[in-house]
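Bear in mind that the values here come from a model prediction, so they are computed numbers and not experimental data. Counting from 1, the numbers follow the sequence of the chain as shown. Counting starts at 1 for both ligands and their atoms, in listed order.
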Amino acid sequence: MAAMISPSPAKPAGTPAAPPCTFVIFGASGDLTGRLLTPALYHLMREGLLDPGFEILGVDRVENDDAGFRKALGEALHTLGADAERGIDEAAWERLAAGVRYLTGDFADPGTYARLAEHLARRAEATGHANAVFYLAVAPRFFAPIAASLATAALLVENDGGFRRLVVEKPFGTDLASARELNARLLAAAAEKQIYRIDHYLGKETVQNIMAFRFGNGIFEPIWDRDHIEHVQITAAETVGVERRGRFYDGTGALRDMVPNHLFQLLAMTAMEAPNSFAADAVRTEKTKVIEALRDLSPDEVPRAVVRGQYGAGTVLGKPRAAYRQEPDVAPNSRTETYLALKASIDNWRWSGVPFYLRTGKSLAVRRTEIAIQFKRAPAVLFRDTAGTPTPNLLVIRIQPDEGISLRFAAKVPGREMRLGEVEMDFRYAEHFKAEPQTGYETLIYDCLIGDPTLFQRADNIEAGWGEVQPIQERWAAHPEDPALYPAGSDGPVEADELLARDGYRWLPLS
Ligand code: BG6
């Protein structure tokens with residue numbers, strides 16, 4: 001689209017290093033620590049955004065020591081993901097590795113917290129700071145008990161100018177009641193400003209760019225409403241199946257796994273009003289207002305507005321894929337949905353009458369997350385006698401992969417006669433910004449370290465999301481049905497096509 005002026009990394013030159021901190025990871029031996037947190041911390045160290053004395057303290061009941069934990073993190077970094085392919089900056093890794101420590105301890109044992117308190121006290125004496133982040137990279141059932149134990153051990157008390165923060169991973173509850181309860185239990189242990197609830201979609205550059213795109217350009221906002229936009233499609237398609245997560249996923253399903261969190265975040269970014277500033281509460285308040293304005297479905301409306309699918313056997317990216325019910329740790333008669341499509345309506349002044357269609361699924365034809373804005377068609381009167389009619393303008397914000405933004409518009413096909421064709425303007429991150437891909441966790445960890453909660457979920461935001469999906473959960477619980485089958489490697493079930501066809505629209509094809 002535009003010629004780029006200068007590359008702009010995630011945190012541009014001149015961004016100060018975060019304050020010194022002890023970064024305590026509960027669940028240090030888990031998958032998340034090696035696969036996502038370690039590369040993110042390494043990137044931050046490489047970019048000079050961590051204090052030289054930064055310490056990672058792993059806590060887990062798996063027996064280990066400092067050297068063993070350091071070795072495990074090093075192996076993860078050197079063998080998994082994009083960094084392993086690109087090559088590691090060993091000096092940066094050494095700087096990070098120098099601060100890696102480990103504490104063996106059961107999360108339910110008060111002795112673990114006593115030893116943690118001693119460790120932090122010793123460190124405060126040695127370094128002069130008492131800052132600590134407690135990152136709960138653990139199964140959700142441990143969130144509230146760990147927070148309570150930290151509070152009992154007085155580890156969440158902020159004094160001597162040091163900060164104490166709690167990072168909570170998803171899933172945050174399984175429905176409105178459990179999310180409320182979890183919020184209440186966390187808030188009994190710490191103040192709201194100490195709690196950082198993660199939705200890793202908010203760490204993605206392209207998601208943050210939605211605000212820059214909408215509010216940093218003069219030309220889009222005036223047409224960003226019901227007068228100009230016909231409908232919106234939000235897609236989060238994945239090629240992966242459930243892989244080794246069968247136990248978790250079979251009890252969760254696509255609705256809970258993706259909708260009240262990730263898809264609603266994309267929806268909120270797309271539909272929110274401009275906040276008064278980038279202050280955390282200004283942004284989060286506007287986002288929550290969008291979710292609260294979603295029209296409540298009555299349980300009887302659910303079957304027409306929501307499609308559940310489950311993948312059968314098929315071929316994904318050229319490789320055979322077993323049916324969901326044959327995956328490890330999945331019940332052979334499971335009714336869990338691996339696909340979901342939903343028609344949402346936002347009952348506010350700007351969006352009244354504009355349908356928002358959301359879809360997400362596993363084992364689909366391609367991996368693609370995008371937001372497609374279809375504008376209203378131009379009147380065709382002028383072109384009634386010409387070849388081709390104007391197709392509606394389409395703006396597609398590609399969240400991942402192939403991050404970018406494209407705009408489709410009509411153009412005259414060269415020649416003697418007036419013939420309309422479709423062309424596209426395309427902006428691609430990879431071409432214009434030479435920044436290396438990040439996991440999204442870099443931004444979130446850095447923001448937590450500097451105390452900026454803008455990209456984290458506030459309690460009301462999470463509860464609003466669960467509140468909107470509650471009628472769907474209730475209807476499904478009252479009328480358990482098999483989901484519609486779709487072949488692995490396809491675009492999803494035909495029932496999802498019918499959802500849009502009823503309104504005269506079609507999904508953008510995935511493949
Ligand atoms: C997670 C879900 O929160 O998000 C996964 O639990 C899903 O099931 C993942 O695969 C998708 O994240 P991303 O960043 O790959 O789009």
Side-chain angles (χ1 to χ4, degrees), residues 10 27 30-33 35-37 39-40 43 80-82 135-140 143 167-174 179 197-210 234-267 269 308-311 316-317 321 324 327-330 334 336-340 358-371 397-403 429 437-445 455-457 461-462 465-466 469 488 492 510:
D31 185 53
L32 183 81
T33 305
R35 206 165 40 83
L36 290 165
L37 300 184
H43 292 154
L80 305 175
Y135 197 111
L136 307 188
V138 294
F143 292 163
V167 182
V168 187
E169 268 290 336
K170 74 171 269 278
F172 198 97
T174 55
R197 301 173 191 81
I198 285 227
D199 181 321
H200 77 278
Y201 264 51
L202 291 177
K204 293 183 193 284
E205 275 296 316
T206 42
V207 174
Q208 294 167 50
N209 185 49
I210 300 171
I234 300 181
T235 299
E238 297 185 277
T239 48
V240 288
V242 290
E243 309 198 313
R244 289 176 299 134
R245 300 166 77 217
R247 192 161 297 129
F248 158 76
Y249 196 86
D250 207 34
T252 303
L255 175 74
R256 292 194 233 184
D257 191 36
M258 295 292 288
V259 178
N261 37 61
H262 306 328
L263 290 192
F264 279 1
Q265 288 300 331
L266 298 182
L267 175 92
M269 287 287 200
R308 328 167 56 221
Q310 187 188 80
Y311 63 86
V316 181
L317 303 175
R321 170 80 43 90
Y324 174 70
E327 298 274 24
D329 299 321
V330 169
S334 170
T336 299
E337 79 287 352
T338 60
Y339 176 99
L340 182 120
L358 278 48
R359 64 176 161 168
T360 183
K362 300 217 178 269
S363 291
L364 292 172
V366 292
R367 171 170 180 253
R368 186 183 302 156
T369 303
E370 68 186 15
I371 299 162
I397 302 174
R398 297 192 303 273
I399 303 295
Q400 64 186 21
D402 187 23
E403 293 83 354
Y429 271 78
Q438 307 248 327
T439 66
Y441 275 82
E442 295 81 357
T443 305
L444 296 174
I445 293 173
L455 298 176
F456 294 83
Q457 302 241 66
N461 197 190
I462 294 211
W466 281 117
V469 300
L510 290 181

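Residue G241 comes nearest to R321 through the heavy atom pair N-NH1, 3.2 Å, listed as atom of the first residue, atom of the second, then distance.
For the pair K204 and Y201, the cation-pi test (distance below 6.0 Å, angle within 45°) is passed.
To the nearest 0.5 Å, atom CD1 of residue I210 and atom CD1 of residue I371 are 3.5 Å apart. Here E403 contributes atom CD and R398 contributes atom CZ; the two are 8.5 Å apart, rounded to the nearest 0.5 Å. Atom CG of L455 is separated from atom CG of L444 by 6.0 Å, given to the nearest 0.5 angstrom.
Numbered from 1 in the order shown, with element, the atoms of ligand 1 that lie under 4.0 Å from a heavy atom of H200 read 1 (C), 3 (O), 4 (O), 12 (O), 13 (P), 14 (O). Atom numbering of ligand 1 starts at 1 in the shown order; those under 4.0 Å from a heavy atom of K170 are 1 (C), 2 (C), 3 (O), 6 (O). Ligand 1 places these atoms under 4.0 Å from at least one heavy atom of K204: 13 (P), 14 (O), 16 (O). For ligand 1, the atoms sitting less than 4.0 Å from at least one non-hydrogen atom of H262 are 1 (C), 3 (O), 4 (O), numbered in the order shown with element in parentheses. Near K362, meaning under 4.0 Å from one of its heavy atoms, ligand 1 places the atoms 5 (C), 7 (C), 8 (O), 10 (O).
The protein non-hydrogen atom at the shortest distance from atom 8 (O) of ligand 1 is D257 OD2, 2.5 Å.
Remark: among candidates R367, Q400, R245, E238, the nearest residue to atom 9 (C) of ligand 1 is E238, based on non-hydrogen atoms.
The closest approach between a heavy atom of T369 and any atom of ligand 1 is not below 4.0 Å.
Judged by distance alone, with hydrogens and angles left aside, the side-chain atoms of R197 form a donor-acceptor pair with the main-chain N or O of Q457 at under 3.5 Å.
Residue contacts with ligand 1 for Y201 involve side-chain atoms from C-beta outward but no N, CA, C or O (heavy atoms, distance under 4.0 Å).
The existence of a salt bridge linking R368 and D402 is excluded, since no basic side-chain nitrogen approaches an acidic carboxylate oxygen closer than 4.0 Å.
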